[in-house]
Visitor: 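Could you have a look at this structure, given as structure tokens, before my questions?
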2 protein chains.
Amino acid sequence: MPDFSHDMELNNKQLEIIAIAKALFAQNGFDATSVRDIAQRAQINVAMINYYFDSKENLLEVLIKHGIEAYKLDARKYETASDPFLRLAKMVEHYVDSKFSDLHLYQILTNEANSKKRASYATLFTALRRHNIERLREVVVYGVEKGVFRFYDPVLLHTTMIGTFLNFKMNKSVMEEFIDIPKGMSFEDYLKIELTKHLKYILKAILTYEN
Amino acid sequence: MPDFSHDMELNNKQLEIIAIAKALFAQNGFDATSVRDIAQRAQINVAMINYYFDSKENLLEVLIKHGIEAYKLDARKYETASDPFLRLAKMVEHYVDSKFSDLHLYQILTNEANSKKRASYATLFTALRRHNIERLREVVVYGVEKGVFRFYDPVLLHTTMIGTFLNFKMNKSVMEEFIDIPKGMSFEDYLKIELTKHLKYILKAILTYEN
DNA sequence: CACAAAATTAAACAATCGTTTAATTTAAAC
DNA sequence: GTTTAAATTAAACGATTGTTTAATTTTGTG
């Protein structure tokens, strides 16, 4: 059996299993997805999952650890903008981009965070959250120092951002009846554009609102 | 076996099973909760669940149908306020109140809405959403007619409200490290107060913001 | 008390779960 | 080409799943 306990050097076979497991876990949930489901979709023998990942739970852990880094806000992506409004806008774009880069994993993460059965992954999730809240705080403080933003609790801002995103994404089927999608555009693309616009707007509104 | 297919007259035993199942489904998820888990916690024989509810899935359906009505926004709770700002504030309070009246069920609903395995309940969820979006629209339009609100898409407003609420509630463990709870106050009470305040603020900000 | 219906029980059911084994095939190294 | 390791397979493992059965107890009614 290959070792993957510390650093993760995943071969193509493992990456393929991960990709399929990710989609199934996101769609049906971890518990409702059997290793035989995964094996069938990946066209491999059931035993290969244990051979490569030791256990189903460990597959989940590897899968999460492998992808979670992509969700961390990278300040370099927006701090080049000196105008606070522009920086905020760029940050939002980067934020939405990062989430959309792997929607399946993010759904798994939130489901796992809710379930108390496997609370161990909450640590990874918390670290991610802390990181992103700190980045958000920096952007807010920058605007405050420039005299254009009113300070607002970044924890609350982050909650609203992430909550709006999740609700937007996860209720795809519900949203479809309320909106018209321009032809030649995929639903997800449209969602991404509208979500970005909406988030930019509400953040600006919150940060410049005077009671 | 008692009949519960159409109107639901649930006896005390059934209500007790529902209450326990609700807590377990919310905590561990539907699939990760066995009927034996429920029976043990309810101190009844496993067969009683099938005796009273036919199947585990039907228990879920009865459980959802029995509680979902409480989440519908009731215009009478806030339309007495003639000032648009006050009406908006009262609506938010009523909104948060209704969700907090049964947090477990709401978690189950969102988890079920995400899972594609039992998509049938999505219909109930969609109807609820449509109802609440319509109530929200009325409040917005009222403020616009009074000349104090700028119109903003109620679907987006609703997404942000519900998303913020869910994220607030479901990441309880994550939030705890970021905030200080006044002594003599439960975490949920504090959460409720802060959430209400936050939602009022962002809705006002969005609805009065001029680009 | 007698009788009927409802409630409750222990036991067994077949199906599915994640995992392990032991044998076999494929690939790499010398 | 032979040897060694890695990859893959089918089969079986015990445990757990939701559900059903059939017997028993409890409850309500006359």
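The sequence lines fix the lettering, A, B, ..., with proteins before strands; numbering per chain opens at 1.
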Visitor: Indicate whether OP1 or OP2 belonging to dG18(D) is found under 4.0 Å from a side-chain N or O atom of Asn50(B).
Guide: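 It does not, given that no N or O in the side chain of Asn50(B) lies less than 4.0 Å from OP1 or OP2 of dG18(D).
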
Visitor: How many Å lie between NZ on Lys56(A) and P on dC17(C), as a whole number?
Guide: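 My rounded result for the distance is 8 Å.
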
Visitor: Using whole Å, what does the distance between atom C1' of nucleotide dT8(D) and atom CD of Glu16(A) come to?
Guide: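 Nearest whole value for this atom pair: 15 Å.
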
Visitor: Nearest whole angstrom, please: distance from the P of dT9(C) to the OH of Tyr52(B).
Guide: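 These atoms are roughly 10 Å apart.
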
Visitor: Verify the distance criterion only: is there a donor paired with an acceptor across the side chains of Ser34(A) and Asp37(A) at less than 3.5 Å?
Guide: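 Indeed, the side chains of Ser34(A) and Asp37(A) share at least one donor-acceptor pair under 3.5 Å.
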
Visitor: For atom CD of Gln40(B), decide whether the heavy atoms of other residues, nucleotides or ligands shown that lie under 6.0 angstrom number more than 12.
Guide: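 Not buried by this count: 12 neighbours or fewer within 6.0 Å.
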
Visitor: What integer distance in Å separates Phe53(A):CZ from dT20(C):P?
Guide: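 Those two atoms, CZ and P, are 15 Å apart.
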
Visitor: Between atom CE in Met48(B) and atom P in dT21(D), what is the gap in whole Å?
Guide: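 My rounded result for the distance is 17 Å.
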
Visitor: For Asn45(B) and dA7(C), is the shortest distance between a side-chain N/O and OP1 or OP2 below 4.0 Å?
Guide: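 Indeed not, no polar side-chain atom of Asn45(B) lies that close.
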
Visitor: Between atom CD1 in Ile44(B) and atom C1' in dA6(C), what is the gap in whole Å?
Guide: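 That distance rounds to 15 Å.
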
Visitor: Judged by atom type as modelled, is there a donor-acceptor pair below 3.5 Å linking the side chain of His158(B) to the main-chain atoms of Asn132(B)?
Guide: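 Checking the backbone N and O of Asn132(B) against the side chain of His158(B), no donor-acceptor pair under 3.5 Å is found.
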
Visitor: If each of Val46(A) and Val46(B) is mapped to the nucleotide of DNA chain D with the nearest heavy atom, which maps nearer the 5' terminus, i.e. the 5' end?
Guide: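 The answer here is Val46(A).
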
Visitor: Do any of residues 24-43 of chain A sit with a heavy atom less than 4.0 Å from DNA chain D, and if so which?
Guide: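 Within residues 24-43 of chain A, the residues near DNA chain D are Arg36(A).
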
Visitor: In this structure, are over 12 heavy atoms from other groups packed under 6.0 Å from Lys77(B) atom NZ?
Guide: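 Open: at most 12 neighbouring heavy atoms sit under 6.0 Å from NZ of Lys77(B).
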
Visitor: Without decimals, in angstroms, what is the distance between Ile49(B) CD1 and dA7(C) C1'?
Guide: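 Interatomic distance, CD1 of Ile49(B) to C1' of dA7(C): 15 Å.
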
Visitor: Please find out if less than 6.0 Å separates the ring center of Tyr152(A) from that of Tyr201(B).
Guide: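 When the ring centroids of Tyr152(A) and Tyr201(B) are compared, they turn out to be within the sub-6.0 Å range.
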
Visitor: Please state whether the phosphate of dA6(D), meaning OP1 or OP2, lies under 4.0 angstrom from any side-chain nitrogen or oxygen of Tyr51(A).
Guide: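 Indeed not, no polar side-chain atom of Tyr51(A) lies that close.
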
Visitor: Distance check needed: dT21(D) C1' versus Asp54(B) CG, whole Å only.
Guide: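 The answer, rounded to whole Å, is 15 Å.
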
Visitor: Would you say the side-chain atoms of Ser186(B) and Asp189(B) include a donor-acceptor pair closer than 3.5 Å?
Guide: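 Note: Ser186(B) and Asp189(B) side chains meet the donor-acceptor criterion.
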
Visitor: Say whether Thr159(A) and His198(B), considering side chains only, have a donor N or O and an acceptor N or O under 3.5 Å apart.
Guide: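 The criterion, which ignores hydrogens and geometry beyond distance, is not satisfied for His198(B) and Thr159(A).
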
